[in-house]
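These notes are about the structure you will find just below.
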Amino acid sequence: MRELAFIFAAAGLLAACTPKPVATVASLPPGIPAGAQTFAIVAAPDAGSQAAAPLVEARLRRLGYTPSATPDLRVEVSTAARARTVGAFTPGKCGASNPDWIDPPAEKRLFEGGKLLTLNIRTLDARTGMPLHQASATLRSDAGLAEAQAALTNAALGVDPREAPKAAAPRGC
């Protein structure tokens, strides 16, 4: 009986240590119009993005949106994977000599390997091309992108895009 209790305790600890996706979601002015109900998915040509597209479509359907050949919204889906020791930055107005780090490189440690897997979802007005919503979710994992897609999709679209918080003003240098 003691062994069984130990097994359950160990399983509970492992479940608590399972990495969870970190999502960044923002509504861009003017936001998604209340009447926008239809969408079309445009996935990047890579295998990860193509695999994520049906999951994003299913999640949008559960949120009340409907796929259409003449959509109100164009939803762009892309994925990326990189080593944890490789950072991500945007040069922006600060220039390449002073990068704006989105995610600084992690130190290399013995037991913290794996990759950073990212799902990006950008929603645009289908008629004007104006960006209305941006969501991304990142997960540190030793598994491949295919295994992480459902968790990434649920994190990135955890909130209806119409209810997403407004984007913060750009930072200065």
Side-chain angles (χ1 to χ4, degrees), residues 15-84 86-93 100-103 114-171:
C17 294
T18 302
K20 306 230 180 324
V22 175
T24 304
V25 179
S27 175
L28 307 171
I32 294 179
Q37 296 293 320
T38 60
F39 70 93
I41 299 258
V42 179
D46 63 278
S49 302
Q50 293 293 317
L55 297 171
V56 171
E57 179 177 333
R59 179 69 183 136
L60 288 171
R61 285 176 183 248
R62 285 193 303 275
L63 290 170
Y65 296 90
T66 308
S68 172
T70 56
D72 301 318
L73 306 169
R74 186 175 76 225
V75 180
E76 297 177 344
V77 177
S78 64
T79 58
R82 63 183 167 83
R84 284 182 9 83
V86 176
F89 71 92
T90 55
K93 64 181 180 178
D100 184 14
W101 287 101
I102 297 167
D103 189 18
K115 293 186 177 211
L116 289 172
L117 310 173
T118 303
L119 169 66
N120 294 302
I121 302 169
R122 194 167 80 134
T123 306
L124 305 124
D125 183 305
R127 286 179 276 296
T128 66
M130 178 185 293
L132 303 172
H133 175 262
Q134 171 70 37
S136 73
T138 301
L139 174 68
R140 183 178 63 83
S141 176
D142 290 322
L145 194 54
E147 293 85 358
Q149 290 292 14
L152 290 169
T153 301
N154 289 335
L157 291 174
V159 174
D160 187 322
R162 291 175 285 231
E163 299 168 7
K166 299 289 183 222
R171 294 188 314 219

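In plain terms, the two heavy atoms of S68 and T70 that are nearest each other are OG-N, 3.0 Å. The heavy-atom pair separating V77 from A52 by the smallest distance is CG1-CB, 3.9 Å. Summarising the geometry of S136 relative to A156, their closest heavy-atom pair is C-CB, 4.3 Å, with the distance given to 0.1 Å. Residues A164 and V159 share a closest heavy-atom pair of N-CG1, 4.1 Å.
Every residue meeting the side-chain contact (heavy atoms from CB on, under 4.5 Å) condition with T128, not counting sequence neighbours, appears here in chain and number order: D125, M130. Applying the side-chain contact (heavy atoms from CB on, under 4.5 Å) test to N154 and every residue at least two apart in sequence or in another chain returns R59, R62. The side-chain contact (heavy atoms from CB on, under 4.5 Å) check on L124 picks up R74, E76, R122, P131, with sequence neighbours excluded. In this structure, the side-chain contact (heavy atoms from CB on, under 4.5 Å) partners of A40, at least two apart in sequence or on a different chain, are P71.
Between the OG1 atom of T79 and the CG atom of N120 there is a distance of 8.5 Å, given to the nearest 0.5 Å. For the atom pair CD1 of I121 and CG of L152, the computed distance is 9.0 Å after rounding to the nearest 0.5 Å. A distance of 7.5 Å separates CG of D160 from CD1 of I32, quoted to the nearest 0.5 Å.
Legend: salt bridge (Lys or Arg N to Asp or Glu O under 4.0 Å) pairs involving residues 31-43, not counting sequence neighbours: none detected. Listed by first and then second residue, the side-chain hydrogen bond (donor to acceptor under 3.5 Å, both in side chains) pairs involving residues 21-40 are T38-D72 (not counting sequence neighbours). For residues 22-43, no residue pair satisfies the salt bridge (Lys or Arg N to Asp or Glu O under 4.0 Å) rule, not counting sequence neighbours.
No donor-acceptor distance shorter than 3.5 angstrom exists from the side chain of S49 to the backbone of P45, with no hydrogens or angles considered. Remark: side-chain polar atoms of Q134 are not paired, donor with acceptor, to backbone N or O of V25 under 3.5 angstrom. Side chain of R140 to backbone of K20: no donor-acceptor contact under 3.5 angstrom is found.
Of the candidates V75, L55, T123, T66, V75 is the only one forming a side chain to side chain contact (heavy atoms under 4.5 Å, CB included) with L60.
By the 6.0 Å and 45° rule, R162 stacks over the aromatic ring of Y65.
Looking at P67 and R61, their side chains come closer than 4.5 Å, going by heavy atoms from C-beta outward. Considering only heavy atoms from C-beta on, L28 stays 4.5 Å or farther from L132 through its side chain. Using a 4.5 Å cut-off on side-chain heavy atoms (C-beta onward), T138 and L117 make no contact.
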Between V22 and L139, is the side-chain contact (heavy atoms from CB on, under 4.5 Å) condition met? List the steps. CA-CA 6 Å; V22 175; L139 174 68; over 6 Å; no
